[in-house]
Novice: 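I have a structure I would like to understand better, so I am pasting it below and will then ask my questions one at a time.
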Amino acid sequence: MNKVMSNKWIIALYVLPALLLIGILIFIPLILTGYYGLMDWDGIGAMEFIGLENYINAIQDGKFWDSAYHSFLLAVFSTLSLVIYLAISMILASRIKGADLLRKIYLIPMLLSSVAIAQLWIKVFNPTNGMLNSILMAFGVDNPPAWLAEPSIVLYAIFIPILWQYAGFYILIYYAALKNIPESLVEAARIDGATPLQIAWKIKLPLIMGVVKVTIVLAVVGSLKYFDLIYVMTGGGPNGASEVMASYMYKLAFASNDFGYGSAIGFLLLIITLIVTVIVRKATATKEEIQY
């Protein structure tokens, strides 16, 4: 077996199907997206080559940069929310009563589709008979806001269901990493007189820092390309106040039939995401990881 696996041609033969699949499903569509961005095309008729005009227009497009700002804002909130998810995971991993039930409850949003979650939160945010405004009026708020209709607050209102949707995913990752820490290390710290907060900060967090870095990258990348729930809840409105890069690209390509310009926006979204990913990985990189 070792003789076979040392043959480079055999290794290439095993790897080739995966490389072909990756090329067909990932790299070829990316190349075509960049190519279509060089065209004036409605997605159906003949294409006309216009060079970098679409990309130049996109860079000068104020709506594109507004949508990019909203995507970056979502990335910031998603990253900050990881602190809450990590705290919940540490509580669940500390043998509290009912931890198994709580884990299942946190996973419920992951079982629902984005459309179902969007419809649920549209009802919650309903300005007349929604649950949120009903609670506010019960506490004496006479004129509660129309959450999804006011440009100044709609973006932050949408962030709530997005962060709720993915809470279970990150909590599960952190919980699995925490349960993988040898109990002997925690017991030794307790014997030495460490408090639960000191154990969490000085022992558990450093040991799972590699996992934390991965979740930061996932949160940032996922936020920059987020689309579905925002599109269902507001369609990017009102007046573009909740528009993100992915929804703006969709509107240009499929609603306005400007497939060339939409492809240029999509390719710029890819470039921005790659650059931000590299920056985040560089910022979170360390020379050595703790081993246990």
Side-chain angles (χ1 to χ4, degrees), residues 61-85 88 105-137 141 143-171 215-256 262 265-266 268-269 272-273 276 280:
D61 188 352
K63 291 183 179 180
F64 169 69
W65 291 113
D66 286 341
S67 66
Y69 170 73
H70 297 158
S71 295
F72 278 110
L73 198 60
L74 175 58
V76 171
F77 274 80
S78 297
T79 304
L80 293 177
S81 68
L82 295 178
V83 178
I84 300 175
Y85 304 151
I88 293 174
I105 292 174
Y106 289 130
L107 287 175
I108 289 177
M110 293 181 59
L111 306 178
L112 302 176
S113 68
S114 294
V115 175
I117 292 174
Q119 293 299 324
L120 170 65
W121 281 89
I122 287 174
K123 299 295 188 297
V124 171
F125 287 133
N126 188 290
T128 55
N129 55 9
M131 183 182 70
L132 182 56
N133 279 2
S134 297
I135 294 174
L136 292 177
M137 287 187 288
V141 179
N143 296 308
W147 299 95
L148 301 181
E150 295 186 12
S152 60
I153 62 173
V154 61
L155 193 64
Y156 303 100
I158 291 180
F159 287 171
I160 296 174
I162 293 175
L163 300 180
W164 175 78
Q165 179 183 13
Y166 288 98
F169 173 73
Y170 291 109
I171 289 173
T215 58
I216 291 174
V217 174
L218 290 175
V220 172
V221 173
S223 299
L224 293 179
K225 63 185 183 64
Y226 198 81
F227 168 74
D228 47 6
L229 190 141
I230 290 178
Y231 188 78
V232 174
M233 289 188 70
T234 64
N239 196 27
S242 61
E243 198 83 82
V244 292
M245 287 188 287
S247 64
Y248 187 53
M249 174 194 68
Y250 178 86
K251 283 184 177 180
L252 290 170
F254 299 104
S256 301
I265 295 292
L268 288 176
L269 170 58
I272 291 172
T273 303
V276 172
V280 171

Novice: Within this structure, what is the CG-CG distance for the pair Asn239 and Asp66, rounded to the nearest 0.5 Å?
Specialist: 10.0 Å
Novice: Quick one: pull up CH2 in Trp65 and OH in Tyr248 and give me the separation to the nearest 0.5 Å.
Specialist: 12.0 Å
Novice: If you take all heavy atoms of Ala118 and Val232, which pair is closest and at what distance?
Specialist: CB-CG1, 3.5 Å
Novice: About how many Å separate NZ of Lys63 and CD1 of Ile265, when rounded to the nearest 0.5 Å?
Specialist: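 Atom-to-atom, Ile265:CD1 and Lys63:NZ are 11.5 Å apart.
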Novice: A side-chain contact here means heavy atoms from C-beta on lying under 4.5 Å apart; do Ile84 and Tyr170 qualify?
Specialist: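 They are not in contact (no side-chain heavy atoms under 4.5 Å apart), so the answer is no.
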Novice: Should Phe64 and Leu269 count as side-chain neighbours, where that means a heavy-atom distance under 4.5 Å?
Specialist: no
Novice: For Met131, which residues count as a side-chain contact (heavy atoms from CB on, under 4.5 Å) partner, sequence neighbours excluded?
Specialist: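 Once residues adjacent in sequence are excluded, the partners of Met131 under the side-chain contact (heavy atoms from CB on, under 4.5 Å) criterion are Val124, Ile135.
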Novice: Just verifying a value: how many Å separate Tyr166 OH and Leu82 CG, rounded to the nearest 0.5 Å?
Specialist: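 CG of Leu82 is found 13.5 Å from OH of Tyr166.
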Novice: Can you classify the ring geometry of Phe125 versus Trp121 as parallel (below 30°), tilted (30 to 60°) or perpendicular (above 60°)?
Specialist: tilted
Novice: Do Tyr85 and Thr215 pass the side-chain contact (heavy atoms from CB on, under 4.5 Å) test, and can you show the C-alpha distance, the side-chain angles, and the key distance before you say yes or no?
Specialist: CA-CA 11 Å; Tyr85 304 151; Thr215 58; over 6 Å; no
Novice: Looking at His70 and Val244, would you say the former's side chain and the latter's main chain have a donor-acceptor pair under 3.5 Å?
Specialist: no
Novice: Using 0.5 Å steps for rounding, measure from the CG atom of Leu132 to the CE atom of Met137.
Specialist: 9.5 Å
Novice: Between Asp228 and Tyr250, is a side-chain contact (heavy atoms from CB on, under 4.5 Å) present by the stated rule, with each step listed?
Specialist: CA-CA 11 Å; Asp228 47 6; Tyr250 178 86; over 6 Å; no
Novice: Enumerate, atom names and distances included, each donor-acceptor pair closer than 3.5 Å involving a side-chain atom of residues 74-81, sequence neighbours excluded.
Specialist:
residue, atom, partner, partner atom, Å
Ser78, OG, Leu74, O, 2.8
Ser78, OG, Ser223, OG, 2.9
Thr79, OG1, Ala75, O, 2.8
Ser81, OG, Phe77, O, 3.4
Ser81, OG, Ser78, O, 2.6

Novice: Working to the nearest 0.5 angstrom, can you tell me the gap between Trp164 CH2 and Leu112 CG?
Specialist: 5.5 Å
Novice: Minimum heavy-atom separation for Pro109 and Gln165, please, with both atom names.
Specialist: CB-O, 3.7 Å
Novice: For residues 145-162, please give each side-chain donor-acceptor pair under 3.5 Å, one per line with the distance, not counting sequence neighbours.
Specialist:
residue, atom, partner, partner atom, Å
Trp147, NE1, Asn133, OD1, 2.7
Glu150, OE2, Ala146, N, 3.3

